[in-house]
Visitor: 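Attaching a single structure in structure tokens format; questions to follow.
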Amino acid sequence: MSVTEQPQPAQGRPGTGPDEARQQLRDRISADSLTTRRDYLRIVATVSGGLAIGGVGVAAGILHRHGDSEDLPATRKVADELPPGQAVAFRYPGDEDRALAVRLADGTLVGYSAVCTHLACAVLWRQDRGSDGELYCPCHEGVFDARTGEVTAGPPPRPLPRIFLTEQGDGSVWAVATARSGEPAKDALCRQLGDSRPEMTQRLGCPGTARATENRRT
Ligand code: FES
């Protein structure tokens, strides 16, 4: 699927609203037998190490399995599948917020706001630029690294804000959370979780977690 195709953001089965779609996803995730405690701990450890948007996306998906934070945006289906070397445009977290999901050639799944950080033009994905392709803003020739969202050319002053994605067992791709421009994944999750998931924030090592846990005990 190319970025020029603009499917309507899927909200679940046809005829269902956002709340219902969210519940459907929750139910499906709860039934996912692949989610073991070992997986959970491994993914949390990955996030603690500060890496990969894919791992963070899965971690954020797990947050939804165990309880939602009111500050986390609703999950939204991005595509039924996204093969390597393909991208899809969608809207997230709001219906007016342009976003892009890209499956890099090595299988890595990345998501970004498609609003240029220069003057807010729409950012496109160009597959034929290097091994990862690139994210390109035609207004003033702004270019962003497809793997990191960092600015590689032109006037944009900041990286593209990230959108955390997760892939389900059936191959479908879902947007689950966002980060601000340049914000580390762990910081973004800690900020959006707030006090709603003390166990998770403690595992992530979010600032103030120990104090909050202590206060809760007293
Ligand atoms: Fe994107 Fe200027 S609006 S480079």
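All values derive from a computational prediction rather than experimental measurement.
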Visitor: Go through the steps for Arg76 and Asp95 under the test salt bridge (Lys or Arg N to Asp or Glu O under 4.0 Å), then give the verdict.
Guide: CA-CA 10 Å; Arg76 175 167 291 185; Asp95 291 341; 2.7 Å; yes

Visitor: Would you check if His118 and Val151 make a side-chain contact, meaning some heavy-atom pair closer than 4.5 Å?
Guide: no

Visitor: Can you give me the closest heavy-atom contact between Ser181 and Pro159, atom names plus distance?
Guide: OG-O, 2.5 Å

Visitor: How close do Ser113 and Leu160 get, counting heavy atoms only, and between which atoms?
Guide: O-CD2, 3.6 Å

Visitor: Could you tell me whether Asp132 and Arg129 make a salt bridge, using a distance below 4.0 angstrom between a side-chain N and a carboxylate O?
Guide: no

Visitor: Quick one, Leu100 with Val88, criterion side-chain contact (heavy atoms from CB on, under 4.5 Å). Give me CA distance, side-chain angles, the key distance, then yes/no.
Guide: CA-CA 6 Å; Leu100 275 173; Val88 63; over 6 Å; no

Visitor: Using 0.5 Å steps for rounding, measure from the CD atom of Gln86 to the CG atom of Leu104.
Guide: 12.0 Å

Visitor: Side chain of Gln127, backbone of Gly85: donor and acceptor closer than 3.5 Å?
Guide: yes

Visitor: Check whether any side-chain heavy atom of Arg103 sits under 4.5 Å from a side-chain heavy atom of Glu167, and report yes or no.
Guide: yes

Visitor: CG of Asp80 to CG of Asp170: how many Å apart, nearest 0.5 Å?
Guide: 8.0 Å

Visitor: Taking only Lys NZ, Arg NE, NH1 and NH2, and the carboxylate oxygens of Asp or Glu, determine whether Asp97 and Arg91 approach each other closer than 4.0 Å.
Guide: no

Visitor: So Thr178 and Pro161, do their side chains get closer than 4.5 Å, heavy atoms only?
Guide: no

Visitor: On a heavy-atom basis, which atom in Ala177 and which in Tyr92 lie closest, and how many Å separate them?
Guide: N-OH, 3.3 Å

Visitor: Quick check: closest heavy atoms across Ala146 and Leu135, and the distance to 0.1 Å?
Guide: CA-CD1, 3.8 Å

Visitor: For the atom pair OG1 (Thr108) and CZ (Arg147), what is the distance rounded to the nearest 0.5 Å?
Guide: 4.5 Å

Visitor: Which pairs pass disulfide bond (SG atoms under 2.5 Å apart) with one or both residues in residues 129-175, sequence neighbours excluded?
Guide: Cys121-Cys139

Visitor: Between Val110 and Leu165, is any pair of side-chain heavy atoms under 4.5 Å apart?
Guide: no

Visitor: How long is the straight-line distance from OH of Tyr136 back to CD of Glu141, given to the nearest 0.5 Å?
Guide: 3.5 Å

Visitor: Within 45° of the six-membered ring axis of Tyr112 and under 6.0 Å from that ring's centre, is NZ or CZ of Arg162 located there?
Guide: no

Visitor: Check whether any side-chain heavy atom of Glu81 lies under 4.5 Å from a side-chain heavy atom of Val173, and answer yes or no.
Guide: no

Visitor: Any idea which heavy atoms bring Cys116 and Pro156 closest together, and the distance?
Guide: SG-CG, 3.9 Å

Visitor: What do the steps show when you test Val123 against Val115 for side-chain contact (heavy atoms from CB on, under 4.5 Å), and what is the final call?
Guide: CA-CA 6 Å; Val123 172; Val115 179; over 6 Å; no

Visitor: Minimum heavy-atom separation for Lys77 and Ser172, please, with both atom names.
Guide: CE-CB, 3.8 Å

Visitor: Under the salt bridge (Lys or Arg N to Asp or Glu O under 4.0 Å) test, which residues partner Glu183, sequence neighbours left out?
Guide: Arg191

Visitor: Is there side-chain contact between Val143 and Glu134, with heavy atoms separated by less than 4.5 Å?
Guide: yes

